[in-house]
Amino acid sequence: MVENFYNYPLKSLNTIGFDVSARRFIKAYATQEILQLRYDKDFACGKRLVMGGGSNLLFTADFDGCILQPLLQNIDIESSTSEHVRLRVGAGVVWDELVRSSVERGWYGLENLSLIPGTVGASPVQNIGAYGAEAKDAIESVEYVDLDDFAVKRLSNEQCRFGYRGSIFKQELKGKVVITQVTFCLSKRPRYNISYGSLREMVKQLGGENLCNVRQAIAATRRSKLPDPADLGNAGSFFKNPFVEKSLAEELLKKHPAMPSFASGSGVKIPAGWLIEQCGLKGARRGSVGVHPKQALVLVNYGGGTGCDVLTLANEICQAVNDKFGVKLEMEVNVV
Ligand code: EPU
């Protein structure tokens with residue numbers, strides 16, 4: 001049975017911790033319940049939003065519509081061979097619970113994505129990624145309810161058109177679907193991806209290559225740089241790392257030889273955190289909100305801030321980076 005709530009407080013449901021509310025909040029525990037919402041005019045025809053763990057959302061005001069939270073909780077083994085396991089996972093499963101249980105069972109593929117906040121249903125939307133891995137490397141298909149015709153549909157990995165922090169769910173299908181199930185293919189054969197930074201060295205110090213040690217090394221790396229939303233409100237990386245043309249990157253490298261840069265396809269990726277730090281904004285504070293002192297890509301809420309305060313700070317950052325480097329930053333979070 002779906003659960004309905006009115007004037008529902010969202011403070012604990014957005015990791016940056018803004019004190020806003022939803023006119024109506026719906027919790028759904030099964031695909032069938034979501035399908036039934038086609039007969040609910042308020043949801044089917046009105047303003048609505050689908051949310052997972054609220055870790056990539058920035059509310060700028062109370063939400064005057066329906067928020068649907070899919071809470072499907074299954075982790076089913078769909079098939080298993082000596083090489084692989086195929087898991088069908090409900091959208092409401094907490095992402096790190098899936099990673100933890102996969103690591104414990106000796107299944108390779110998700111360990112580098114340890115401790116990323118949010119739910120499984122959100123993982124394909126922005127193709128979550130960290131430490132050399134992306135969700136798309138393990139996702140086989142995504143099942144969703146199409147909110148135009150309330151039919152259940154499935155997209156293969158290729159059809160999801162995954163890219164850096166993006167997918168079809170952030171483009172054509174934005175606001176039009178409820179992801180219900182994600183199917184992952186994980187390896188039973190050891191397969192490590194520890195070339196990022198000092199991961200290999202950390203894993204060695206923990207006693208050598210195994211899944212638990214990789215998870216532990218990733219956790220330590222995250223904790224050293226990224227604030228835990230339980231301690232300090234934040235929505236992870238606030239901006240995407242920008243891709244610039246090779247010619248601009250070369251020009252910038254002449255002026256700033258220490259600039260980190262990564263050739264990627266026909267362009268060059270530059271870390272937004274570095275650009276923001278060079279503008280002197282790392283650790284900057286504007287009232288109740290600020291730029292995290294250890295990772296300039298993360299904007300934080302020290303308590304009592306609003307989404308509008310964060311947007312004002314984000315605009316200041318974009319302006320400063322554009323003025324100094326001629327590079328336009330794009331927000332990674334979804335502004336509501
Ligand atoms: N850097 C700085 N100053 C900073 C932050 C970073 O100079 O304040 C430099 C670092 O020295 C390094 C480079 O920027 O040379 C890259 O930094 P880092 O490895 O910390 O990663 P990132 O590019 O800032 C991305 C993801 C993170 C993910 C890390 C690790 C995006 C938008 N962000 O950050 O993802 O955890 O790589 O793989 O791609 C998230 O999406 O919410 C998120 C946290």
Side-chain angles (χ1 to χ4, degrees), residues 14-16 52-58 95-96 99 110-119 122-137 162-167 170 193-200 202 214-215 217-229 232-244 249 252-253 256-264 267-284 290-300 310 314 317-318 320-321 324-325 327-334:
N14 67 111
T15 58
I16 197 160
S55 51
N56 204 39
L57 272 182
L58 183 77
W95 174 262
D96 196 52
V99 178
L110 301 180
E111 58 283 358
N112 285 36
L113 305 177
S114 288
L115 262 58
I116 292 184
T119 57
S123 63
V125 178
Q126 57 166 129
N127 180 25
I128 56 172
Y131 310 108
E134 289 180 308
K136 75 168 173 61
D137 305 334
F162 290 120
Y164 167 63
R165 288 301 191 276
S167 71
K170 270 193 123 173
N193 177 2
I194 50 175
S195 50
Y196 175 96
S198 51
L199 272 183
R200 192 178 302 281
M202 290 171 85
V214 174
R215 178 166 162 84
I218 295 279
T221 306
R222 281 189 78 87
R223 289 198 182 106
S224 71
K225 285 190 190 168
L226 294 166
D228 182 341
L232 183 59
N234 74 88
S237 296
F238 196 88
F239 301 99
K240 289 186 191 179
N241 286 327
F243 282 90
V244 302
L252 289 172
L253 276 166
H256 311 277
M259 180 179 84
S261 62
F262 309 91
S264 179
V268 178
K269 191 165 155 182
I270 301 176
W274 185 87
L275 295 170
I276 298 167
E277 182 171 348
Q278 296 307 304
C279 294
L281 289 166
K282 191 171 183 170
V291 181
H292 193 250
K294 288 190 194 161
Q295 165 54 290
L297 198 46
V298 177
L299 304 190
V300 298
V310 171
I317 291 170
C318 290
V321 168
K324 190 171 167 84
F325 297 101
V327 174
K328 287 199 170 26
L329 293 183
E330 196 189 321
M331 282 196 265
E332 208 233 287
V333 298
N334 292 309

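Numbering of ligands and ligand atoms starts at 1, following listing order.
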Asker: Please state which protein non-hydrogen atom is closest to atom 25 (C) of ligand 1 and give its distance, to 0.1 Å?
Answerer: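 Going by distance alone, atom 25 (C) of ligand 1 is nearest to N241 ND2, 4.1 Å.
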Asker: Considering only heavy atoms of G273, which atoms of ligand 1 have at least one such atom less than 4.0 Å away?
Answerer: 2 (C), 3 (N), 4 (C), 5 (C), 8 (O)
Asker: Using a heavy-atom cut-off of under 4.0 Å, does the side chain or the backbone of F239 touch ligand 1, or both, or neither?
Answerer: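 Just the backbone.
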Asker: Between the side chain of Y196 and the main-chain N/O of A130, is any donor-acceptor distance below 3.5 Å?
Answerer: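 No.
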Asker: Within the 4.0 Å heavy-atom shell around E332, which atoms of ligand 1 are there?
Answerer: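 Listed by number with element: 32 (C), 40 (C), 41 (O), 42 (O).
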Asker: Of V310, L297, N56, which meets side chain to side chain contact (heavy atoms under 4.5 Å, CB included) against F238?
Answerer: V310
Asker: Give the residue, atom name and distance (to 0.1 Å) of the protein heavy atom nearest atom 14 (O) of ligand 1.
Answerer: P271 CB, 3.1 Å
Asker: Is a side-chain donor or acceptor of W274 paired with a backbone partner of S261 at a separation under 3.5 angstrom?
Answerer: no
Asker: Give yes or no for whether the N/O distance cutoff of 3.5 Å, strictly under, is met between K282 and ligand 1.
Answerer: yes
Asker: Check K225 against K294 and note the closest heavy-atom contact, atom names and distance.
Answerer: O-CB, 3.7 Å
Asker: For atom 44 (C) of ligand 1, what is the closest protein heavy atom, and at what distance to 0.1 Å?
Answerer: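 Heavy-atom neighbour on the protein nearest atom 44 (C) of ligand 1: S237 OG, 3.2 Å.
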Asker: Does atom 10 (C) of ligand 1 have a protein non-hydrogen atom under 4.0 Å from it?
Answerer: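 Given the 4.0 Å cut-off, atom 10 (C) of ligand 1 does not count as touching protein heavy atoms.
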Asker: Ignoring hydrogens and angles, tell me if any N or O in the side chain of R215 forms a donor-acceptor pair with the backbone of L110 under 3.5 Å.
Answerer: no
Asker: When you measure from the heavy atoms of R165 to every atom of ligand 1, does any distance fall below 4.0 Å?
Answerer: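 Flag set, R165 near ligand 1.
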Asker: With atoms numbered from 1 as shown, which atoms in ligand 1 lie under 4.0 angstrom from a non-hydrogen atom of G236?
Answerer: 42 (O)
Asker: Looking at every heavy atom in both N234 and P227, which two are closest together, and how far apart are they?
Answerer: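 Minimum heavy-atom separation between N234 and P227: ND2-O, 3.1 Å.
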Asker: Answer with side chain, backbone, both or neither: which part of P260 has a heavy atom less than 4.0 angstrom from an atom of ligand 1?
Answerer: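 P260 to ligand 1: side-chain contact only, backbone stays beyond 4.0 Å.
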Asker: For atom 3 (N) of ligand 1, grab the closest protein heavy atom and report residue, atom and distance to one decimal in Å.
Answerer: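 Looking only at protein heavy atoms, the one closest to atom 3 (N) of ligand 1 is E277 OE1, 2.6 Å.
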Asker: Can Q126 and N334 be said to form a side chain to side chain contact (heavy atoms under 4.5 Å, CB included), step by step?
Answerer: CA-CA 10 Å; Q126 57 166 129; N334 292 309; over 6 Å; no
Asker: May I ask whether atom 32 (C) of ligand 1 is less than 4.0 Å from at least one protein heavy atom?
Answerer: yes
Asker: Do T221 and I218 pass the side chain to side chain contact (heavy atoms under 4.5 Å, CB included) test, and can you show the C-alpha distance, the side-chain angles, and the key distance before you say yes or no?
Answerer: CA-CA 5 Å; T221 306; I218 295 279; 5.7 Å; no
Asker: Identify the protein heavy atom lying closest to atom 5 (C) of ligand 1, giving its residue, its atom name and the separation to 0.1 Å.
Answerer: Q295 OE1, 2.9 Å
Asker: Do any non-hydrogen protein atoms sit less than 4.0 Å from atom 42 (O) of ligand 1?
Answerer: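 Yes.
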Asker: How far is atom 18 (P) of ligand 1 from the closest protein heavy atom, and which atom is that?
Answerer: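 In this structure, atom 18 (P) of ligand 1 has Y196 OH, 3.5 Å as its nearest protein heavy atom.
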Asker: Which atom pair, heavy atoms only, marks the closest approach of L281 to A320?
Answerer: CD1-CB, 3.9 Å
Asker: May I ask you to identify the nearest protein heavy atom to atom 8 (O) of ligand 1, giving residue, atom name and distance to one decimal place in Å?
Answerer: A296 N, 2.8 Å
Asker: Using only atom types and a distance under 3.5 Å, with no angle test, would you say the side chain of N112 pairs donor to acceptor with the backbone of N193?
Answerer: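 At least one qualifying donor-acceptor pair exists.
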Asker: May I ask you to test the Y131-S114 pair for a side-chain heavy-atom distance under 4.5 Å?
Answerer: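 Not in contact.
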Asker: Quick one: look up the protein heavy atom nearest atom 39 (O) of ligand 1 and list residue, atom name and how far away it is.
Answerer: Y164 OH, 2.7 Å
